[in-house]
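Only one structure is covered here, and it is reproduced in the block below.
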Amino acid sequence: MPLLTQTEQRRFEADILRRVFETLIDRIGRAEALKVIGEATRDVAREAGKALAESCDTTPNLPHFATVVNTWRSGRSLDIGKFEIGLDKMRVVIKRCAHIDAYRELGLPDDLACQLACVREEAFAEGYSTRLSFKRPTSICQDNKLCELIYTWK
């Protein structure tokens, strides 16, 4: 059986979580439902960041963390317009996010789509190392033309 691309996996997860979200809205309200979905999404991302750190042959470091960009590019999950890495900073500019495209095709509301996509990067960085911080000045999910991801190694 062929492996799913990252976007196919996210689409599958989103379809299930949309149904969970709708059930949660009826039971605890929209704001709490978004909070629960966001927490679960961050937990999964944090675990993935930790797994990436554990795959490092040395202690976790920014160049090793930057290898995740290859995963993001695979299966055309993200179209990366600019990738820059220095001694203590990595900047990624995303021109198109196939995850957001898929969520919109599924009819997910934007607030849910953002909880499934945009909360991951910071939690992923946290899971990788406490020395890594994250900032996102712009987001496609919030109707910007680009996502800018900035990671800083302290």
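What's counted below: heavy atoms across the whole structure, side chains too, no hydrogens, waters or symmetry copies.
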Open item on the list: Between R76 and D79 (salt bridge meaning N to carboxylate O under 4.0 Å), is one present in this structure?
Closed with: yes
Open item on the list: According to a hydrophobic-cluster definition based on side-chain heavy atoms being under 4.5 Å apart (Ile, Leu, Val, Met, Phe, Trp, Tyr only), do L34 and V44 belong together?
Closed with: no
Task: Check: K145 and I140 side chains under 4.5 Å, non-hydrogen atoms - done: no
Open item on the list: Minimum heavy-atom separation for G38 and V119, please, with both atom names.
Closed with: O-CG2, 4.1 Å
Task: Rounded distance [0.5 Å steps], CG in L17 versus CD in Q115 - done: 11.0 Å
- [ ] Scan for salt bridge (charged side-chain N to carboxylate O under 4.0 Å, His left out) pairs involving residues 36-45, sequence neighbours excluded, and state none if there are none.
- [x] D43-R46
TODO: Output yes when R19 and D15 qualify as a salt bridge under the 4.0 Å nitrogen-oxygen rule, no when they do not.
DONE: yes
Task: From CD1 (I100) to SG (C114), nearest 0.5 Å - done: 5.5 Å
Open item on the list: As an exercise, state the distance from NE2 of H64 to OG1 of T59, rounded to the nearest 0.5 Å.
Closed with: 10.5 Å
Task: Co-membership, hydrophobic cluster, residues V69 and I150, 4.5 Å side-chain - done: no
- [ ] Verify the cluster assignment for L24 and L106: are they in a single hydrophobic cluster under the rule of side-chain heavy atoms below 4.5 Å apart?
- [x] yes
TODO: Flag the pair W153 / S133 as yes when at least one side-chain heavy-atom distance between them is below 4.5 Å, and no otherwise.
DONE: no
- [ ] Can you tell me which residue pairs pass the salt bridge (charged side-chain N to carboxylate O under 4.0 Å, His left out) test with a partner in residues 58-74, sequence neighbours excluded?
- [x] none
Open item on the list: If I take atom NE2 from residue H99 and atom CZ from residue R104, how far apart are they, to the nearest 0.5 angstrom?
Closed with: 13.5 Å
- [ ] With sequence neighbours excluded, tell me which residues meet ring-ring contact (aromatic ring centres under 6.0 Å, His included) with F124.
- [x] F65
Open item on the list: Rounded to the nearest 0.5 Å, what separates atom OG in S139 from atom CD in E121?
Closed with: 8.5 Å
- [ ] Find the distance between CG (L4) and CZ (F12) and round it off to the nearest 0.5 Å.
- [x] 8.0 Å
Under 3.5 Å, which donor-acceptor pairs do the side chains of residues 80-94 form with other protein atoms, sequence neighbours left out?
| unit_1 | atom_1 | unit_2 | atom_2 | d |
| --- | --- | --- | --- | --- |
| E84 | OE1 | R91 | NH1 | 3.3 |
| R91 | NE | E148 | OE2 | 2.6 |
| R91 | NH2 | E148 | OE2 | 3.3 |

Task: Heavy-atom check, side chain of K95 versus side chain of L146, under 4.5 Å - done: yes
Task: Shortest non-hydrogen separation from T58 to N61 and the atoms involved - done: OG1-ND2, 3.4 Å
- [ ] Anything under 30° is parallel, anything over 60° is perpendicular, the rest tilted; go ahead and classify F134 against Y151.
- [x] tilted
- [ ] Apply side-chain hydrogen bond (donor to acceptor under 3.5 Å, both in side chains) to R30 and list each qualifying residue two or more places apart in sequence or on a separate chain.
- [x] D111
Open item on the list: Evaluate C147 against C141 for disulfide bond (SG atoms under 2.5 Å apart), listing each step before the verdict.
Closed with: CA-CA 8 Å; C147 274; C141 188; over 6 Å; no
Open item on the list: Quick one, T23 with R27, criterion side chain to side chain contact (heavy atoms under 4.5 Å, CB included). Give me CA distance, side-chain angles, the key distance, then yes/no.
Closed with: CA-CA 7 Å; T23 301; R27 294 188 184 172; 3.9 Å; yes
TODO: Applying salt bridge (charged side-chain N to carboxylate O under 4.0 Å, His left out), name anything that partners E22, two or more places apart in sequence or on another chain.
DONE: R18
Task: Validation row: Q6, W72 side chains within 4.5 angstrom (heavy atoms) - done: yes
Open item on the list: Walk me through whether L52 and V68 qualify under side chain to side chain contact (heavy atoms under 4.5 Å, CB included).
Closed with: CA-CA 8 Å; L52 179 63; V68 75; 4.2 Å; yes
Task: Joint hydrophobic cluster, V36 plus I25, side-chain heavy atoms closer than 4.5 Å - done: yes
TODO: Check whether any side-chain heavy atom of T5 sits under 4.5 Å from a side-chain heavy atom of Q9, and report yes or no.
DONE: no
- [ ] Flag the pair R10 / L116 as yes when at least one side-chain heavy-atom distance between them is below 4.5 Å, and no otherwise.
- [x] no
TODO: Indicate yes or no: does R120 engage E13 in a salt bridge with an N to O separation below 4.0 Å.
DONE: yes
- [ ] Dump the intermediate steps for salt bridge (charged side-chain N to carboxylate O under 4.0 Å, His left out) on E122 and R136, then the final yes or no.
- [x] CA-CA 9 Å; E122 184 170 24; R136 180 198 315 268; over 6 Å; no
